[in-house]
Novice: 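Structure in structure tokens, see below.
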Amino acid sequence: MKFDRHRRLRSSQFMRDIVRENSLSKNDLIYPIFVVEAPDIKKEVSSMKGVYQISLNRLEEELHEVVKLGIKSVIFFGVPNEKDAVGTGAYDENGIVQEACKLSKKLYPELLVILDTCMCEYTDHGHCGVINEETQDVDNDKSLPLLVKTAISQAKAGADIIAPSNMMDGFVSEIRKGLDKNGFEHIPIMSYGIKYASKFYGPFRDAAESTPSFGDRRTYQMDPANRLDALRELESDEREGADMMIVKPALSYLDIIRDVRNNSNLPVVAYNVSGEYSMTRNAVDLGLLDEEVIMEQMLSMKRAGADLIITYFAKDLCRMIDEGEGN
Ligand code: PBG
């Protein structure tokens with residue numbers, strides 16, 4: 001034999017099927033939903049085709065569709081009527097995501113509800129914590145108690161998983177302590193501890209109406225040039241009690257997903273963020289790329305080591321899985 005015959009294992013669909021290393025299952029998908037406090041709204045987000053801001057009274061039809069398709073978990077983001085400097089809406093026991101969670105648990109108790117513990121959707125300045133007037137920067141330690149309060153209100157509303165995305169130092173340990181003290185020691189923390197300061201969040205900020213009114217998030221989110229920083233964040237979050245680890249964004253950070261997979265035994269979650277969604281969605285809708293690129297992108301995250309994927313494509317993917325397309 002003068003060379004290796006790799007094509008032997010690619011000779012037919014069945015042959016390819018039995019040697020396949022990765023696949024996407026509906027169990028892997030987490031679907032984000034934007035709930036708005038104002039009534040009677042179902043409005044497409046201008047920068048995210050096929051993604052809507054939805055009022056509570058329109059949420060049932062949305063959840064029905066999600067459950068029917070076979071999605072097992074959703075993450076709610078809130079668009080409140082009012083915002084203030086200290087993000088009161090985030091920890092209001094009757095706040096918008098708390099209410100969405102209660103409704104969802106009432107209608108579909110098995111559907112897992114994940115809530116995002118952050119303040120940017122609820123502060124009038126759009127930052128993820130409270131501002132220190134002197135430095136005009138987010139005050140880490142003053143934000144922590146408010147984030148703990150937010151997480152507790154979310155657990156009280158029935159959230160199955162708490163997902164803090166605020167990037168304050170110590171948020172995992174403080175939230176863990178707060179949850180434990182209030183009888184929620186059984187609620188897992190899915191930490192967004194590896195979150196880059198990314199321009200790929202642009203469309204999300206339209207959807208959640210959470211663009212910072214001054215400055216940017218670079219004093220708390222990570223520098224896109226860094227790799228070791230991700231491993232340092234992973235180390236602290238594991239020590240502080242994280243149960244799962246999110247890497248965000250996903251597609252430009254597949255190396256980081258692999259690093260986390262190689263350095264941790266926690267489930268790894270890839271957040272296929274809004275900008276990644278919109279780029280691909282538009283390219284597919286314009287006919288520039290075949291729809292199968294969506295599955296190819298998901299497989300790249302699985303191959304990099306992701307167990308779960310938060311994606312605005314979850315519904316499309318369920319349909320593709322049902323039709324046996326590209327997977
Ligand atoms: C913060 C949060 C953001 C996203 C999820 N949680 C925005 C930000 O940090 O600016 C972005 C998700 C996406 O782009 O899809 N609460």
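Counting begins at 1 with the first residue of the sequence. Counting starts at 1 for both ligands and their atoms, in listed order. Everything quoted here is computed from the prediction, not taken from an experiment.
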Novice: Regarding Glu99 and Lys102, does a basic nitrogen lie under 4.0 Å from an acidic carboxylate oxygen?
Specialist: yes

Novice: Do any pairs count as a side-chain hydrogen bond (donor to acceptor under 3.5 Å, both in side chains) and have a residue in residues 236-247, sequence neighbours left out, and if so which ones?
Specialist: Ser191-Asp237, Glu238-Ser264

Novice: So Tyr271 and Phe77, would you call those rings parallel, tilted or perpendicular, with 30° and 60° as cut-offs?
Specialist: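 Because their plane-to-plane angle lies in the 30° to 60° range, the rings of Tyr271 and Phe77 count as tilted.
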
Novice: Output the set of protein residues with a heavy-atom contact under 4.0 Å to ligand 1, ordered first by chain identifier and then by residue number.
Specialist: Phe77, Asp116, Cys118, Cys120, Glu121, Ser165, Lys195, Phe200, Tyr201, Phe204, Arg205, Arg217, Gln221, Lys248, Tyr271, Val273, Ser274, Tyr312

Novice: Got a sec, which hydrophobics cluster with Val19, joining ILVMFWY side chains under 4.5 Å apart, including via others?
Specialist: Leu9, Met15, Ile18

Novice: Does any donor atom in the side chain of Ser198 or Gln221 lie under 3.5 Å from an acceptor atom in the other side chain?
Specialist: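 Checked: Ser198/Gln221 side chains show no N/O donor-acceptor pair below 3.5 Å.
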
Novice: Got a sec, which pairs hit side-chain hydrogen bond (donor to acceptor under 3.5 Å, both in side chains) with one end in residues 168-181, sequence neighbours left out?
Specialist: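 Applying side-chain hydrogen bond (donor to acceptor under 3.5 Å, both in side chains) to every pair that reaches into residues 168-181, excluding sequence neighbours, yields Glu174-Lys177, Arg176-Asp180.
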
